[in-house]
Amino acid sequence: MLAVVKRSGVTEPFSRLKIIGGVRKACQGRPVDDDAIALLAQKVEETVRAKGAAELPSHEVGLAILGPLRELDEVAYLRFASVYRSFESLDDFEREIEALRVAAAERFRTANGAGAVGATPAADRTS
């Protein structure tokens, strides 16, 4: 049985339902269906179980949620990250939004064959 050690030191069994509940709150009002949330929770469980540990800190569960949630819905990701990482100011949000923008630009460049950051698209290169 996989156990999660909370910040308080209390240990409780890993619960996929708890993951679903937290992600559902972050996705409230967003165009994300229950099947997508359930699939995300399954990915998170697979990720944490793959570590092979009998116990893991709740922090690691949170980290395992952030990646898939970011891919699923960026607004829900920001909501979850703001609570998980204890955002205290607009600067915290601005930094995270900038990181999302950079990642989106990189995905766009990669999808359009431009390669790595700083690469020049073939149409823009001069011979």
Side-chain angles (χ1 to χ4, degrees):
M1 176 200 270
L2 178 62
V4 177
V5 181
K6 301 177 74 78
R7 289 181 203 164
S8 66
V10 173
T11 301
E12 62 182 41
F14 175 86
S15 170
R16 189 186 296 191
L17 291 177
K18 192 165 184 178
I19 304 274
I20 289 170
V23 171
R24 185 174 283 137
K25 285 178 190 173
C27 292
Q28 191 170 2
R30 302 293 303 152
V32 177
D33 63 29
D34 286 342
D35 289 342
I37 293 172
L39 183 59
L40 182 145
Q42 179 181 340
K43 286 180 187 176
V44 169
E45 182 172 359
E46 289 168 359
T47 298
V48 297
R49 286 191 186 281
K51 294 180 183 291
E55 291 185 348
L56 71 150
S58 59
H59 176 76
E60 287 191 32
V61 177
L63 288 175
I65 292 170
L66 287 173
L69 185 55
R70 185 176 181 170
E71 292 173 17
L72 181 64
D73 187 276
E74 290 177 335
V75 172
Y77 165 81
L78 275 174
R79 290 174 177 169
F80 188 89
S82 71
V83 173
Y84 176 72
R85 294 185 175 151
S86 303
F87 286 9
E88 295 182 2
S89 70
L90 288 176
D91 290 340
D92 294 333
F93 281 94
E94 288 172 351
R95 275 191 295 277
E96 199 62 42
I97 289 168
E98 182 57 27
L100 287 170
R101 286 185 175 135
V102 168
E106 180 60 27
R107 284 191 309 272
F108 178 79
R109 279 191 290 275
T110 302
N112 289 303
V117 174
T120 305
D124 292 345
R125 290 188 198 129
T126 55
S127 302

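The basis for the numbers below is simple: all heavy atoms, side chains too, and nothing from hydrogens, waters or symmetry mates.
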Reported [atom1]-to-[atom2] distance for the pair [X] and [Y], which is rounded to 0.5 angstrom:
X: E94; Y: F87; atom1: CD; atom2: CZ; answer: 11.0 Å
X: T47; Y: L56; atom1: OG1; atom2: CG; answer: 11.0 Å
X: R24; Y: D34; atom1: CZ; atom2: CG; answer: 4.5 Å
X: R85; Y: F80; atom1: CZ; atom2: CZ; answer: 10.0 Å
X: L40; Y: E71; atom1: CG; atom2: CD; answer: 9.0 Å
X: L72; Y: I37; atom1: CG; atom2: CD1; answer: 7.0 Å

What pair of heavy atoms forms the shortest contact from [X] to [Y], and how long is it?
X: L2; Y: A53; value: CD1-O, 3.3 Å
X: V48; Y: E60; value: CG1-O, 4.5 Å
X: A99; Y: R70; value: O-NH2, 3.2 Å
X: P68; Y: I65; value: CD-O, 3.3 Å

Quiz item: Checking D92 side chain against S89 main chain: does a donor-acceptor pair fall under 3.5 Å?
Solution: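 Confirmed, D92 side chain pairs with S89 backbone.
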Exercise. Look only at the side chain of Y84 and the backbone of H59, and say whether a donor-acceptor pair between them is shorter than 3.5 Å.
Key: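 Answer holds: yes.
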Taking [Y] as the starting point, is it possible to reach [X] by hopping between hydrophobic residues whose side chains are less than 4.5 Å apart?
X: V5; Y: V44; result: no
X: V61; Y: L66; result: yes
X: L78; Y: L63; result: yes
X: L39; Y: L17; result: no

Quiz item: Please walk me through it: do K6 and T11 pass side chain to side chain contact (heavy atoms under 4.5 Å, CB included)?
Solution: CA-CA 6 Å; K6 301 177 74 78; T11 301; over 6 Å; no
Quiz prompt | Sole candidate of R101, R30, R107, R79 that passes salt bridge (charged side-chain N to carboxylate O under 4.0 Å, His left out) when paired with E74 | solution =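 Exactly one option meets the salt bridge (charged side-chain N to carboxylate O under 4.0 Å, His left out) with E74, and it is R107.
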Quiz item: Does CD belonging to E46 count more than 12 external heavy atoms closer than 6.0 Å?
Solution: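 Above 12, so yes.
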Quiz item: More than 12 foreign heavy atoms under 6.0 Å from CD of E98: is that the case here?
Solution: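 Result for CD/E98: enclosed.
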Quiz prompt | Residues Y77 and E96: side-chain donor-acceptor under 3.5 angstrom | solution =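 The criterion, which ignores hydrogens and geometry beyond distance, is satisfied for E96 and Y77.
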Quiz item: Given side chains that start at C-beta, do those of C27 and L69 come closer than 4.5 Å, heavy atoms only?
Solution: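 They are in contact (side-chain heavy atoms under 4.5 Å apart), so the answer is yes.
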Quiz item: Side-chain contact, heavy-atom cut-off 4.5 Å: E55 with V4?
Solution: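 Contact flag for E55/V4 side chains = no.
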